[in-house]
Amino acid sequence: MANTGEVVLASGAAAAPPRHGRASGPVAFKDAADAEAIPVRPPTEHDAVVSAMPARVVLNPRLRQYQGFWVPDTLARGVVAMHRGGLVPRAGDVVLASLPKSGTTWLKALAFATMARGVHPPASPDHPLRRLNPHDRVPLLDRLFAVGRDAVLDGLPSPRLMCTHMPLSLLPATMVDGNSNTKIIYICRDQKDALGSMWHFLKRNGLQDLSLQEVYESFCEGICFGGPV
């Protein structure tokens, strides 16, 4: 993932002062926002763009190709909306970036614990890690935009800690042009291990008869979520 903005490896990024008051780190997303209370209203303004994308059905999910990358059909609207300026960066933002099954959950937990250690020491009995799944603490931007709940991001205090499965080129230009002070933490994984993890994940989620060979071929062809890899 080459970049023109600032990309760092798994480390706690220095955060800018928050918009309201002083904080030593991010607030767990589920504690700061009730996204489920917002009606699902997928964006429709880019439907013509989405419908014109090449489409393939691979390993059951329908994929669409946008700007050279394959994304699930269910996320395509949100990916276009986010890429075309729907996500307004804020000084101090931290975005975790990864391909699926590459250590996203681990990185969410590690980044949150590192950035919030001033407010939540590791030994704290009420640490958010003890009561919330990492996915409840760090929102996946791709899904929020896909269901039309992205407005909730505007109400989050700074520094915001967010996550995406999109490559750098599909993030808003204003976020990666080097002027937004956004930190991007990218995690990669040996593709042999990611492939095996994806195979087990899909088998646990309705594709019990899926063979490892099928997943292997989709990775080699580059037609997989986030591909080519």
Any chance the side chains of T44 and R77 put a donor and an acceptor closer than 3.5 Å? no

I'd like to check Y186 versus L107 (side-chain heavy atoms, cut-off strictly below 4.5 Å). Are they in contact? no

D150 vs L141 side-chain heavy atoms within contact, under 4.5 Å: no

Counting distance only, does the side-chain N/O of S158 pair as donor-acceptor with the main-chain N or O of R160 below 3.5 Å? no

H165 and L99: which non-hydrogen atoms are nearest, and at how many Å? ND1-C, 3.9 Å

Group every Ile, Leu, Val, Met, Phe, Trp and Tyr by side-chain heavy-atom contacts under 4.5 Å, then state whether V88 and L168 land in the same group. no

Compare every heavy atom of A123 with every heavy atom of R130, then report the nearest pair and how far apart it is. NH2-O, 4.0 Å

Who passes salt bridge (Lys or Arg N to Asp or Glu O under 4.0 Å) against R137, sequence neighbours left out? none

Could you tell me whether K183 and D93 have a side-chain N and a carboxylate O separated by less than 4.0 Å? no

Is the backbone of A81 close enough, under 3.5 Å, to the side chain of R84 for a donor and an acceptor to pair up by distance? no

Locate the shortest heavy-atom distance separating F225 from L75; write the atom from each residue and the value. CZ-CD1, 3.8 Å

In short, ring-ring contact (aromatic ring centres under 6.0 Å, His included) pairs touching residues 40-66 with sequence neighbours left out are Y66-H83

Find out whether P43 and F145 are in side-chain contact, i.e. whether some heavy atom of one side chain is under 4.5 Å from a heavy atom of the other. no

Closest non-hydrogen atoms of R90 and L153, given as atom of the first, atom of the second and distance, are NH2-O, 3.6 Å

Taking E217 for its side chain and E214 for its backbone only, find out whether a donor-acceptor pair lies under 3.5 Å. no

Rounded to the nearest 0.5 angstrom, the CZ-CG distance for R62 and D73 is 5.5 Å

Roughly how far, to the nearest 0.5 Å, is CD of Q65 from CE of M53? 9.5 Å

So, the side chain of W199 versus the backbone of Q213: is there a donor-acceptor pair under 3.5 Å, distance only? no

Backbone N/O of H120 and side chain of S124: donor-acceptor pair under 3.5 Å: no

Less than 3.5 Å apart, any donor N or O on the side chain of T104 or S98 sitting next to an acceptor on the other? yes

Drop me the distance from M166's CE to T164's OG1, to the nearest 0.5 angstrom. 5.0 Å

Go through the side-chain N and O atoms of S218 and E221 and say whether any donor and acceptor fall under 3.5 Å apart. no

Can you find a pair of side-chain heavy atoms, one from T182 and one from V95, that are under 4.5 Å apart? yes

L161 vs L96 side-chain heavy atoms within contact, under 4.5 Å: yes

Tell me whether L129 is reachable from I185 by hopping between hydrophobic residues (I, L, V, M, F, W, Y) whose side-chain heavy atoms are closer than 4.5 Å. no

Short N-O contact, D31 and R131, less than 4.0 angstrom: yes

Evaluate whether atom CZ of R149 has more than 12 neighbouring non-hydrogen atoms of other residues, nucleotides or ligands under 6.0 angstrom away. yes

Looking only at heavy atoms, which two atoms of M198 and P100 are closest? And how far apart? CE-CB, 3.9 Å

Just how far is it from atom CH2 of W70 to atom CZ of R64, taken to the nearest 0.5 Å? 9.5 Å

What is the distance from atom CG of L195 to atom CG of D190, rounded to the nearest 0.5 Å? 10.0 Å

Can you establish whether the number of heavy atoms outside K203 located under 6.0 Å from its atom NZ is more than 12? yes

Cluster link L132 to V119, ILVMFWY, side chain under 4.5 Å: no

Any heavy-atom pair between the side chains of F69 and V79 that's under 4.5 Å? no

Should Q67 and S169 be marked as a side chain to side chain contact (heavy atoms under 4.5 Å, CB included) after you check the CA-CA gap, both sets of side-chain angles, and the distance that decides it? CA-CA 8 Å; Q67 300 285 314; S169 61; 5.6 Å; no

If hydrophobic clusters are built by linking Ile, Leu, Val, Met, Phe, Trp and Tyr wherever their side-chain heavy atoms come under 4.5 Å apart, do L87 and V147 end up in the same one? no

Any chance you could lay out the side chain to side chain contact (heavy atoms under 4.5 Å, CB included) test for L144 and F29, step after step, and finish with the verdict? CA-CA 12 Å; L144 282 179; F29 178 66; 4.2 Å; yes

Taking atom CG of L63 and atom OG1 of T74, what is their separation to the nearest 0.5 Å? 9.0 Å

Could you pull out the closest heavy-atom pair between V176 and L171, with the gap in Å? CG1-CB, 4.1 Å

Note, R189 side chain near S197 side chain (heavy atom, < 4.5 Å): yes

Is there a path of hydrophobic side-chain contacts, each under 4.5 Å between heavy atoms, that joins M162 and V152? yes

Just so I know, are the side chains of L140 and H135 near enough to count as touching, which here means a heavy-atom distance under 4.5 Å? no

